[in-house]
Each structure stands twice: as C-alpha cells, then as structure tokens.
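Since the structure comes first, as structure tokens, the remarks are kept for the end.
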Amino acid sequence: MNLQPAPDLVVIGNIIARGNPELEEVLDRKILYRSMPEILEEVFLPERHSIVVSGTHGKTTTTAMLAWIFHTAGETGRIFLWGV
C-alpha cells in the first residue's frame, strides 16, 4: 500500500468509500484521519474571514471570479481554490 511509512495524518475525500483498500488500512491501523471539510475547518479557516462557495455547478468559476474581483480591487489575501 501507499501507507509505508505510516503518515501522521490521512485526508479522506468524500469519494472514498468503505471497501477502499487504503481506507481500510487506515482504519485497521488506527492512523489519524480527517475529512477535507475537517481539514479546512481546523487548518485553513480558523481566525480568518472566509468566503466559501458551495453548490452543484459553477463553484470553480464563481471562486475564480471572486479571486479576480478581490485582486482587481487591490485586496490582499489567500485564495484556496479546489476544483474537481
């Protein structure tokens, strides 16, 4: 598997289901894991003002437009964009 040596933390995406060999190994070996929303909440969002875009369609486009608007307005900050 891809879990040698054992990682400190595994991020489990919502597409991964029980029966996935690597997920099962994480669970069997009791390796620390989090979902992507948990990582966002714990690592990226604390003590920051955030705009979160969600929905079924258009998230990446909407986020890119927001990034352009903030950039054009001279706002500085970080943009975290994840499109699938």
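One-based numbering along the sequence shown. Bear in mind the structure is a predicted one, so any value in this text is a computation, not a measurement. Hydrogens, waters and symmetry mates play no part in the numbers below; they use all other heavy atoms, side chains included.
- Applying the 6.0 Å contact sphere to CD1 of I15 captures no more than 12 heavy atoms from other residues, nucleotides or ligands.
- For F44, the ring pair (Phe, Tyr, Trp, His ring centres under 6.0 Å) criterion is met by F80, not counting sequence neighbours.
- Between P7 and I31 the shortest heavy-atom distance is O-CG2, 3.7 Å.
- Atom CG of N14 has 12 or fewer neighbouring heavy atoms from other residues, nucleotides or ligands inside a 6.0 Å radius.
- E25 CD to Q4 CD: the interatomic distance, rounded to the nearest 0.5 Å, is 6.5 Å.
- I39 pairs in a side chain to side chain contact (heavy atoms under 4.5 Å, CB included) with only one of the listed residues (L9, L45, I12), which is L9.
- Note that the CD atom of E24 and the CD atom of E22 stand 11.5 Å from one another [nearest 0.5 Å].
- Sorted by first and then second residue, the ring pair (Phe, Tyr, Trp, His ring centres under 6.0 Å) pairs with a member in residues 13-34 form an empty list; sequence neighbours excluded.
- Put simply, V52 and F70 are part of two different groups of oily side chains (I, L, V, M, F, W, Y) that touch within less than 4.5 Å, one to the next.
- More than 12 heavy atoms of other residues, nucleotides or ligands lie within 6.0 Å of CD in E38, so this atom counts as buried by the packing criterion.
- For the atom pair L66 CG and E75 CD, the distance stands at 12.5 Å (nearest 0.5 Å).
- Note on V43 and V11: same hydrophobic cluster, where clusters join Ile, Leu, Val, Met, Phe, Trp and Tyr whose side-chain heavy atoms are under 4.5 Å apart, directly or indirectly.
- R18 contributes no side-chain N or O that, together with a main-chain N or O of L23, makes up a donor-acceptor pair within less than 3.5 Å.
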